[in-house]
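Just below is one structure, and these are the notes that go with it.
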Amino acid sequence: MISIDRDGEVAVVTVDNPPVNALGQPLRQALWDAVGTLDADPAIRAVVLICAGRTFIAGADVTEFGKPPVPPHLPDLVDRLEQASKPWVAAIHGSALGGGFEVAMGCRFRVALDTAAVGLPEVSLGIVPGASGTVRTPRLAGVEAAVDLVTTGRSVKAARALTMGLVDAVVSKDLRAEAVAFARIALTQALPQPISARPVTAPDAAWWDEQRTAIAKRAKGEVAPLRALDCLRIAAEKPFAEAMAFERATFLELRVSEQAAALRHIFFAERGAARPAHLGDAKPKDIRSAAVIGGGTMGAGIAAALRDAGLPVTLIERDEEAVRRGLANLRSIFDGAVKRGKLTEVQAQARMDGVTSGSDYALLSDTDLVIEAVFEDLAVKRAVFAQLGQTCRADAILATNTSYLDPRRIAEGLPHPDRFIGLHFFSPANVMKLLEIVPMPDTSSETLATGFALARQLGKIPVQAGICDGFIGNRILKRYRSEAEALVRHGTPIATIDAAMRGHGFAMGPFEAQDLGGLDIAYLQREGARAAGQDVPETLGDILVRAGRKGQKTGGGWYDYAPGDRTPKPSEAAAGLLADRIGTGPGLTAEDIATRLTAAMAAEGKAILAEGIALKPSDIDLVEVHGYGYPRWRGGPMFDADASQRSV
Ligand code: 3HC
Ligand code: NAI
């Protein structure tokens, strides 16, 4: 797990604990012992700590969190490193995260490769740093930097880490050789104080209050960021040992909390989703070029996601006018990224330069992957695939982004149907992390594996879904909305329902969200089903749309909106339209409402599992967390429903 070799008077300790050098008990013990061995070795004057594999130590071993802690405990190991009689130099590549960065702070110096990143992501696991992250970071980089790092959980790249004072040097070539050279130079100078002995300047009470207000607003019910702030304040105001004891107590308490369990559940579900076991050893195809048919809301977003991943993209539209509109849609996505500081002008231009466009399908004769995102109309989509079947290479992967149509019907008659698949993106497609992957009966395992590999290439979370109306996500959304309408019919005010779901941790309630997205999309889909002879009962949403209330874009839907203002205001007009459908049931508490709506989602999830539409409950949780704003710290509807049963 670790090996020690010597480069003159510098020892090099190499950690090799795949996959990410996590600090499980055996590794903690090995490092503990290494300090003793090297302290006792008179030939050694300094130690470089470096890691094999893809990364420096990525943190504590998250799989140990459900179990009782076993010594040596990480905070003790970090202290021991700091108190070693020889200075240790952490040589960081990949990521030094959580306990990994805490170990690096136990070292007297930190040297990072220019591609490395450091951070304290513990709050994203529902905990606080547990081995001095909240106590040493303010002493290393100042309170403001520490608060930003710890309460957001965001990591920082090497160059920024250097300016923040989190690392001492950034190197670009041979990390080991440069870290050894760094150690040799360090030995010629007076050593800096260990971090625990450095002073910290505490901000005043008003500053802490401001931070608390800002973090509470962001956290929306998540407890760890605020508890981390408490730790940081104690660290700034109290002696080192007292702050360490406070941090440890907070860490141990949160480690066994329901929120931490939920966040761990999502953490492992995300990692499992990228490479599901059922793909076996199916090899994905290499995707080196892609095309999108349709440059509307989704097409432009998908094209942007493909360009962000560095793929050359061909955009096909109906005619030259539509091509211009499609390119303008794409341009405005990149312009928005420039405005938000995510891209430079030059990068945005390079993104556009990688796009070929036109209305001639001959442009697709050598494209590896084509994603169709034209109108949600079976005849239009079938005509598109008929052309794709004629013009694309026989081995090109062909995908549809349909939301509700049966993909099998879209691809009827397509030559080589084994390369056809559903790739259902979410709006905005360049931002939303979820990708539902929908195989057909004929889809080959190679095509399916390519869908998953593409998700990785695009930085998305893939979830496999079977064929049904709305796949996993939109089917649950329909159930959620219908249950929310049932509460309105029962007599619960619309605004009370939205407030209850915000209270549960959603950014928006179900009615506010519909007003934002527009009620007409789902309405048209219901009308289509009715026209096709299906029995679709009238919804309250239908009544509003028929009265011209389609949401924010028409000045009102479930709520009213003043021009240019997105604040929902209770609507007398909507109340009037719905009056004769609304009963006078007893009032429900916010908790009753949230329980009822999330239970409805979980019940639909169960049905989806029973039908084999989703392969496992955690897939449903990922769909809801990454596609529909389900609070991550509640673990998604399936985990949430289990949690509420556990607490009964
Ligand atoms: N503990 C246990 N297993 C871990 C782990 C951890 N901290 N981090 C990653 N893994 C596992 C993953 O589950 C995955 O396992 P699998 O191959 O069986 O599915 C494998 O390592 C590879 O993970 P990724 O697919 O995420 O690998 P990448 O190369 O894409 O990313 C990474 C590498 C950036 C290090 C990423 O794994 C990561 O962000 N890990 C989490 C880091 C983290 O949260 N650390 C803080 C832990 S809490 C802590 O340290 C508390 C301390 O303060 C006391
Ligand atoms: P949109 O109306 O914004 O864009 C459709 C585009 O397709 C238009 O630019 C149109 O000119 C173009 N088009 C139509 N026929 C064409 C043809 N024969 N050849 C080339 N281009 C053609 O629609 P939107 O919202 O982008 O939806 C597209 C698809 O994505 C639909 O199937 C929809 O169900 C699906 N979808 C939509 C989501 C959303 O939130 N809007 C989310 C996920 C999927």
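The structure presented is a predicted model; accordingly, all values stated were derived computationally and were not measured. Order of listing sets the numbers, starting from 1, for every ligand and every atom in it.
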Protein heavy atom at shortest distance from atom 29 (O) of ligand 1: R54 NH1, 2.7 Å
Minimum-distance protein heavy atom relative to atom 16 (C) of ligand 2: R318 CG, 3.2 Å
Side chains of L254 and V223 in contact at under 4.5 Å (non-hydrogen atoms): yes
Sub-6.0 Å ring centroid separation between F420 and F385: yes
Side-chain donor-acceptor pair present, N401, H424, cut-off under 3.5 Å: no
Protein contact of atom 1 (N) of ligand 1 - nearest heavy atom, named by residue and atom, plus distance: V62 N, 2.9 Å
Top protein contact for atom 4 (O) of ligand 2, by heavy-atom distance: G296 CA, 3.3 Å
Selection from A58, A22, S124, A60 by shortest heavy-atom distance to atom 7 (N) of ligand 1: A60
Shortest protein contact, atom 53 (O) of ligand 1 (heavy atom only): E122 OE2, 2.4 Å
Close side-chain approach of R227 and E253, heavy atoms under 4.5 Å: yes
Ligand 2-proximal atoms of F426, by part, heavy-atom distance under 4.0 Å: neither
N/O donor-acceptor pair under 3.5 Å between D76 side chain and P72 backbone: no
Flag, side chain of R475 to backbone of G470, donor-acceptor distance under 3.5 Å: no
Nearest-neighbour protein heavy atom for atom 34 (C) of ligand 1, which is reported as residue plus atom name and distance: S95 OG, 3.8 Å
Closest protein heavy atom (residue, atom, distance) for atom 24 (P) of ligand 1: R271 NE, 3.8 Å
Proximal ligand 2 atoms for K381, defined as those under 4.0 Å from one of its heavy atoms: 31 (C), 32 (O)
Any side-chain heavy-atom pair of I476 and I472 under 4.5 Å: yes
Pairwise side-chain contact, K433 with K460, heavy-atom cut-off 4.5 Å (strictly under): no
Heavy-atom protein contact below 4.0 Å for atom 13 (O) of ligand 1: yes
T402 N/O under 3.5 Å from ligand 2 N/O: no
Test of proximity, T63 against ligand 1: N or O pairs below 3.5 Å: no
Protein contact to atom 30 (O) of ligand 2 [nearest heavy atom, distance to 0.1 Å]: N401 ND2, 3.0 Å
Within reach of ligand 1, part of V20 (heavy-atom separation under 4.0 Å): side chain
Option whose closest heavy atom lies nearest to atom 3 (N) of ligand 1, chosen from L97, V78, T134, D61: D61
Pairwise side-chain contact, L364 with I293, heavy-atom cut-off 4.5 Å (strictly under): yes
Distance-only donor-acceptor check, side chains S132 and E247, under 3.5 Å: no
Y480 ring center within less than 6.0 Å of Y628 ring center: no
Atom 31 (C) of ligand 2 [closest protein heavy-atom partner, distance rounded to 0.1 Å]: V374 O, 3.3 Å
Proximal atoms of ligand 2 relative to H424 (non-hydrogen, under 4.0 Å): 43 (C), 44 (C)
Protein heavy-atom partner closest to atom 27 (O) of ligand 2 - residue, atom, separation in Å: M298 CG, 3.9 Å
Residue S403 vicinity, atoms of ligand 2 by number, heavy atom under 4.0 Å: 33 (C), 34 (O), 35 (C), 36 (N), 37 (C), 43 (C), 44 (C)
Audit row: R632, E222, salt bridge (charged side-chain N to carboxylate O under 4.0 Å, His left out) steps and yes/no: CA-CA 9 Å; R632 185 179 174 91; E222 197 172 347; over 6 Å; no
Numbering as shown, the atoms of ligand 1 that approach P129 to under 4.0 Å (heavy-atom distance): 53 (O)
F268: numbered ligand 1 atoms lying under 4.0 Å from its heavy atoms: 13 (O)
Heavy-atom protein contact below 4.0 Å for atom 18 (O) of ligand 1: no
Under-4.0 Å heavy-atom contact with ligand 2, by part of T297 that carries it: both
Considering all heavy atoms, the nearest P75-A131 contact: N-CB, 3.8 Å
For atom 40 (O) of ligand 2, the protein heavy atom that lies nearest, with its residue and separation: S427 CB, 3.4 Å
Any donor-acceptor N or O pair under 3.5 Å, side chains E317, S357: no
Side chain, backbone, both or neither: the part of P19 lying under 4.0 Å from ligand 1 by heavy atom: side chain
Distance flag for atom 23 (O) of ligand 2, protein heavy atom under 4.0 Å: no
Close side-chain approach of V103 to L49, heavy-atom, < 4.5 Å: yes
Heavy atom of protein inside 4.0 Å of atom 26 (O) of ligand 1, strictly below: yes
cation_pi(R248, F246) dist<6.0 Å, angle<=45: no
Distance from atom 43 (C) of ligand 2 to nearest protein heavy atom, with residue and atom: F425 O, 3.1 Å
Check: P71 main-chain N/O paired with Q25 side-chain donor or acceptor under 3.5 Å: yes
Any A373 heavy atom less than 4.0 Å to ligand 2: yes
Under-4.0 Å heavy-atom contact with ligand 1, by part of L125 that carries it: side chain
Min heavy-atom dist F375 to ligand 2 below 4.0 Å: yes
Taking atom 21 (N) of ligand 2 as the reference point, the nearest protein heavy atom with its distance: E317 OE1, 3.3 Å
V384 contact mode with ligand 2 (heavy-atom cut-off under 4.0 Å): side chain
Sub-4.5 Å side-chain heavy-atom contact between I2 and T14: no
Under-4.0 Å heavy-atom contact between protein and atom 43 (C) of ligand 1: yes
Numbered atoms of ligand 2 (with element) below 4.0 Å of G294, judged on heavy atoms: 7 (O), 12 (C), 21 (N)
R110 (side chain) donor-acceptor with A104 (main chain) under 3.5 angstrom: yes
Closest heavy-atom pair and its distance - I613, I467: CD1-O, 3.5 Å
Residue part near ligand 1, for P121, under 4.0 Å between non-hydrogen atoms: side chain
